[in-house]
Number of protein chains: 2
Amino acid sequence: MTFIKPRSTATTRDRLLTAAEMAILDKGFAATSIEELIVEVGITKGGFFYHFKDKSALIEAILERHLVAEEVWLDDLFASAAKETEEPLAQFLVFLRLLQEQMAALPDVHPGCLIAATCFQERLFTQTVHDLAQQNLLNWRSRFHARLTAIAKVDPPRYQIDLEAMADMLVVLVDGAIILSKTVREKEVLPRQIALYACFVAGVFGDVG
Amino acid sequence: MTFIKPRSTATTRDRLLTAAEMAILDKGFAATSIEELIVEVGITKGGFFYHFKDKSALIEAILERHLVAEEVWLDDLFASAAKETEEPLAQFLVFLRLLQEQMAALPDVHPGCLIAATCFQERLFTQTVHDLAQQNLLNWRSRFHARLTAIAKVDPPRYQIDLEAMADMLVVLVDGAIILSKTVREKEVLPRQIALYACFVAGVFGDVG
DNA sequence: TGGTACACTTGACCTTGGGTACAGTGACCC
DNA sequence: GGGTCACTGTACCCAAGGTCAAGTGTACCA
């Protein structure tokens with residue numbers, strides 16, 4: 001009766017993470033039970049707690065993995081943009097266009113932002129989780145801020161502007177657009193906001209007709 | 001032993017709503033137990049379920065009350081702005097300034113947006129809750145869109161711009177800024193984003209130096 | 001004055017789900 | 001052939017959501 005699958009090293013843990021990430025983005029952390037995850041992955045409760053000491057450890061691991069993946073993804077987008085042009089403003093606008101295209105290409109409403117999902121569950125998570133989320137957003141902020149500073153050096157802004165707030169604005173727009181998009185069930189919201197942000201940037205630094 | 005307080009009509013229900021709203025904004029819906037609410041309000045479990053058939057009914061009621069309060073608050077801000085000037089663009093900019101001031105005056109990081117808190121808990125709530133949230137955001141969208149259209153009639157935009165996206169942008173910015181603000185624990189984020197949005201609006205429609 | 005509706009209380013009980021504990025067990029590795 | 005890894009299986013605890021039925025003081029109304 002005891003059907004034992006071949007030893008699967010880290011695969012089971014990874015499949016657990018993937019199943020959990022999808023379920024959490026889909027319906028939220030609290031609504032995702034350990035039970036359904038182990039059924040999906042095909043292990044038992046003991047197996048789950050062998051990998052993660054509790055539910056919080058699970059979301060910590062998801063966030064960590066997510067952070068790395070997102071970093072790579074952002075790097076790729078920046079690299080693609082850098083291939084097209086060397087001029088900082090043009091490069092940033094290409095990056096925004098790529099970002100917009102990727103968001104528009106998603107089949108459904110954006111599955112949602114893990115950070116935001118954890119943000120409204122304060123007491124449910126450990127400090128580590130909140131620290132990871134913070135680190136992630138600060139990373140976006142500083143990356144965009146560096147770009148904007150580089151742009152401002154070449155193309156000084158037409159009027160006095162808060163570059164740090166402008167860097168934050170993209171982060172904020174993405175998270176906010178996901179909320180609006182999910183709530184009103186319109187997938188165009190996110191790409192449209194990115195496009196509008198690009199307009200803003202172009203209007204501040206460039207000469208738009 | 002049975003200590004019976006004077007009949008309190010709707011007060012108990014209202015106190016329950018207030019306690020729940022604060023707790024939910026503070027730590028999330030899932031982390032808020034019925035137990036702690038009834039202790040705070042000083043009733044028993046039976047009393048709770050007398051007022052609300054379940055936890056979902058509680059958040060429905062909170063959202064309903066919130067929707068009304070927010071509407072009044074928005075109306076007041078618009079009315080105050082209308083007192084200062086009649087010109088649509090100037091009026092909207094005054095409104096944004098007032099909004100910014102109110103957000104900056106909050107003692108802490110903004111307690112958070114109920115809509116966003118529900119958005120990432122899809123399966124935990126009833127359809128009614130999501131419909132209420134949707135209605136709320138669509139209300140903001142259409143209000144701001146009406147303002148922007150009025151502005152565009154008097155001061156045509158300097159370049160082709162998507163006014164609906166621009167209306168959404170304010171909604172998106174507020175929700176997104178709350179997330180960023182809560183996550184990185186910087187209360188200035190929200191007022192700064194509103195200020196930046198005002199810059200954007202002024203830059204699109206007005207003549208800024 | 002008496003009746004009825006309201007706003008609860010009390011307490012017993014059920015279920016789900018997170019979490020613990022621990023003794024196995026097959027596969028793989030040295 | 002011994003140890004470790006990656007689990008299984010079982011049994012059990014606790015918190016929290018939720019149900020049910022019977023009771024009780026208060027207020028208002030006829």
Side-chain angles (χ1 to χ4, degrees), chain A residues 1-21 23-24 26-62 117-118 121-126 128-129, chain B residues 1-21 23-24 26-62 117-118 121-126 128-129:
Chain A
M1 211 55 175
T2 44
F3 173 64
I4 303 284
K5 284 153 241 161
R7 163 131 102 174
S8 47
T9 63
T11 339
T12 304
R13 188 187 140 97
D14 238 60
R15 276 163 52 226
L16 222 30
L17 285 178
T18 304
E21 184 171 351
I24 290 170
D26 180 42
K27 44 195 199 179
F29 181 73
T32 301
S33 70
I34 293 174
E35 186 61 28
E36 71 179 275
L37 296 178
I38 63 179
V39 167
E40 194 179 329
V41 171
I43 58 168
T44 58
K45 218 171 173 184
F48 178 90
F49 287 101
Y50 171 79
H51 287 295
F52 305 102
K53 79 172 220 293
D54 53 26
K55 231 183 156 189
S56 266
L58 173 70
I59 202 159
E60 268 173 40
I62 290 175
T118 63
Q121 299 283 312
E122 292 213 20
R123 300 297 147 78
L124 223 51
F125 301 123
T126 58
T128 318
V129 171
Chain B
M1 211 52 173
T2 43
F3 174 62
I4 303 284
K5 283 153 240 161
R7 162 132 103 168
S8 47
T9 61
T11 338
T12 304
R13 189 188 140 97
D14 239 59
R15 276 163 54 226
L16 222 31
L17 285 178
T18 304
E21 183 171 351
I24 289 170
D26 181 42
K27 46 193 198 181
F29 181 74
T32 300
S33 69
I34 293 174
E35 185 61 29
E36 71 179 275
L37 295 179
I38 63 179
V39 167
E40 196 179 327
V41 171
I43 58 167
T44 57
K45 219 170 173 185
F48 177 90
F49 287 101
Y50 171 78
H51 287 295
F52 305 101
K53 81 172 219 292
D54 54 26
K55 230 183 155 188
S56 266
L58 172 71
I59 202 158
E60 268 173 40
I62 290 176
T118 63
Q121 298 284 312
E122 293 212 20
R123 299 297 147 78
L124 224 50
F125 300 123
T126 58
T128 318
V129 171

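Within every chain, numbering begins at 1; the chains are lettered A, B, ... in the order of the sequence lines, protein sequences first and strands thereafter.
As a whole-Å value, the separation of A:H51 NE2 from C:dG18 P is 17 Å. A:I43 has its CD1 atom 13 Å from the C1' atom of D:dG9, to the nearest Å. Taking atom CD1 of B:I38 as the reference point, atom P of C:dT10 lies 11 Å away to the nearest angstrom. If you take OH of A:Y50 and C1' of D:dT4, they are 9 Å apart, rounded to a whole angstrom.
Residue B:T44 places no side-chain N or O under 4.0 Å from the OP1 or OP2 atom of C:dC8.
Here the options are B:F49, B:Y50, B:F48, the test is side-chain contact (heavy atoms from CB on, under 4.5 Å), and the partner is B:F52; only B:F48 passes.
For the atom pair CD1 of B:I59 and OG1 of B:T126, the computed distance is 9.0 Å after rounding to the nearest 0.5 Å.
Partners of B:T128 under the side-chain hydrogen bond (donor to acceptor under 3.5 Å, both in side chains) rule, at least two apart in sequence or in another chain, do not exist in this structure.
In this structure, A:T44 and A:I38 approach most closely via the heavy-atom pair C-CD1, 3.8 Å. Nearest approach of A:E36 to A:A23, heavy atoms of both residues: OE1-CB, 4.4 Å.
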Pairs: protein N or O with nucleotides 16-20 of chain D N or O, under 3.5 Å:
| residue | atom | partner | partner atom | Å |
| --- | --- | --- | --- | --- |
| D:dG17 | OP1 | B:I34 | N | 3.4 |
| D:dG17 | OP1 | B:K55 | NZ | 3.4 |
| D:dG17 | OP2 | B:I34 | N | 3.2 |
| D:dG17 | N7 | B:K45 | NZ | 3.2 |
| D:dG18 | OP2 | B:K55 | N | 2.9 |
| D:dG18 | N7 | B:K45 | NZ | 3.0 |
| D:dG18 | O6 | B:K45 | NZ | 3.1 |
| D:dT19 | OP2 | B:K53 | O | 3.4 |

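Side-chain atoms of A:K45 never come within 3.5 Å of backbone atoms of A:I34 as a donor-acceptor pair (strictly under, hydrogens ignored).
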